[in-house]
There are 2 protein chains.
Amino acid sequence: MTRPRTRIQQRNSETILEAALEVFSQQGFRGATLDQIAEVAGLSKPNLLYYFASKEAIHAALLSGLLVTWLNPLRAMDPDGDPVAELLGYVRRKLELSRDFPRESRLFANEMLQGAPRIRAALEGELRDLVQEKAAVLRRWMDEGRLAPVHPVHLIFSVWALTQHYADFDVQVRAVLGKAEADPFPEAGQFLEVLFRRLLEP
Amino acid sequence: MTRPRTRIQQRNSETILEAALEVFSQQGFRGATLDQIAEVAGLSKPNLLYYFASKEAIHAALLSGLLVTWLNPLRAMDPDGDPVAELLGYVRRKLELSRDFPRESRLFANEMLQGAPRIRAALEGELRDLVQEKAAVLRRWMDEGRLAPVHPVHLIFSVWALTQHYADFDVQVRAVLGKAEADPFPEAGQFLEVLFRRLLEP
DNA sequence: GGATGGTTTGACCAATCGGTCAGTTTCAGA
DNA sequence: TCTGAAACTGACCGATTGGTCAAACCATCC
């Protein structure tokens, strides 16, 4: 449940979570099966259940760390920094998360599509509080005339939507852009910088 | 398969598809079960399979009409109209789709998260062609100085991301905004209009 | 070389899965 | 009112599901 003790426990727990992330992020909770996870992990199904009490427990372990990681870039937005630079930095870090951890993004998206049955509480508590706190900072910046006035919460939504789109809809992005092997993220980064710069510069 | 003939066939086919949309959009293909769909539809499982050959067939029937509906707003963008007005109109119509057909949006999102195994071909064909066609129009508008120069395809991505976010992440949006009963769409519409106006006006 | 405790597994379980089928009920048209 | 087709159902099928368990394995320390 908490920290694995032996090296084997450490290694196998990680292997299982890695495999579970692969499967859950693609199939959702109900669509994923322990057999799939076991196969990806290269372990037997009973062995999975030796390390985690249930399918639910594996999923919970994945989700528990997720929200924190996901919100770190927002937390890092400095109220004493330069408004536009801070927000562009946030966008950049969030886009890097989409690029480097697309499966985590899809796991989160899956949970949202299902109506967030397992993290509803965190959304209405932790997440809401942080967003409201940062929205107040944004509102202050706007009042000071250092940021164009827009609805601060929807502004944060727009950062989420625009960055996560490149992870969650990766197939579509690549299909439309055509060049299957090319990396769409550099272009996306440039586009988003222009977008937010034009939106936010007073 | 094609058009139902009798009134009963018409009604029950619609009932089944309506129920299937409810379940598939929330659970994804693998996560959904025929029993769930049958219960929501108020029909017996064998009766479902009297109208549709298989679970796969129900899902396919839902998806087949989806892409067309989903792309209609983009199709409606008039190459001879006013650039900014046309794009804002597109955004408005797309946001209305998110508001009025959130389950369709989630069904599509689920398919994307799974890697689009059933509509990959349409993405690389029909969808790609339409986007490239409209991107050419956007590029022309930019060359004529009637639209600020940005990457046209990523511009279209941004419309998708920002509008679909309000359907796909509806739970999160409402959790963060707090007021559970309030409708976030009017505010969203205003925000998106400001965003795209500032981004696109030359 | 044993003893010990952490690790792994084949065999198995009840429940649920998508789907079939023989047979019954309902309905529309003559 | 009769009849044939359409609509519907309970019972059932083999496969798969999440999960259990006793037994075996294995590394380590004495």
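Side chains included, hydrogens not; waters and symmetry mates left out as well; all remaining heavy atoms used. Throughout, protein chains are lettered first and strands after them, A, B, ... in sequence-line order, and every chain is numbered starting at 1.
The pair A:R146-A:E201 does not count as a salt bridge, with every side-chain nitrogen at least 4.0 angstrom from each carboxylate oxygen. No salt bridge links A:E193 with A:R92; every basic N to acidic carboxylate O contact stays at or beyond 4.0 Å. Under 4.0 Å is where a charged nitrogen must lie from a carboxylate oxygen, and between A:R139 and A:D143 no such pair does.
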> Passes salt bridge (charged side-chain N to carboxylate O under 4.0 Å, His left out), B:E14 versus B:R7? Steps please.
Replying inline: CA-CA 11 Å; B:E14 281 172 13; B:R7 253 164 262 166; over 6 Å; no

> Are A:E187 and A:K179 close enough, and set up right, to give a salt bridge (charged side-chain N to carboxylate O under 4.0 Å, His left out), and what steps lead you there?
Replying inline: CA-CA 13 Å; A:E187 279 180 352; A:K179 16 174 184 170; 3.6 Å; yes

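Atom-to-atom, CZ of B:F52 to P of D:dA7 comes out at 13 Å; the value is rounded to the nearest Å. Per the geometry, CD belonging to A:Q27 stands 15 Å off P belonging to D:dT16, to the nearest Å. For the pair A:K55 NZ and D:dT16 P, the computed distance is 16 Å after rounding to whole Å.
Proximity of a side-chain donor or acceptor of B:R106 to a complementary backbone N or O of A:L113 within less than 3.5 Å is not detected.
Ring geometry for B:F157 versus B:W160: interplanar angle of 30 to 60°, hence tilted.
Distances shorter than 4.0 Å separate some side-chain N or O of B:Y51 from OP1 or OP2 on D:dC8. A sub-4.0 Å separation between OP1 or OP2 of D:dC8 and a side-chain N or O of B:Y50 is absent. Proximity of B:N47 to the phosphate of D:dA7: no side-chain N or O atom is located under 4.0 Å from OP1 or OP2.
Residue A:L43 is the one, among B:R7 and A:L43, whose nearest nucleotide of DNA chain C lies closer to the 5' end (criterion: closest heavy atom).
Ranking D:dT17, D:dC21, D:dA7 by closeness to the B:R30 side chain, first place goes to D:dT17. Listed nucleotides D:dC8, D:dA11, D:dG19 differ in distance to B:P46; the shortest reach to its side chain belongs to D:dA11.
A nucleotide of DNA chain C counts as in contact with chain A when one of its atoms lies under 4.0 Å from a heavy atom; the first and last such, 5' to 3', are C:dG6 to C:dC17.
Under a cut-off of 6.0 angstrom, the local environment of CD in B:E39 is sparse, with at most 12 non-hydrogen atoms contributed by other residues, nucleotides or ligands.
Residues from residues 31-40 of chain A placing a heavy atom under 4.0 Å of any atom in DNA chain D, listed by number, are A:A32, A:T33, A:L34, A:D35.
Residue contacts shown for A:I8 are limited to sugar-phosphate atoms, with no base heavy atom under 4.0 Å away.
Between B:H59 and B:F29, the ring centre distance stays below 6.0 Å.
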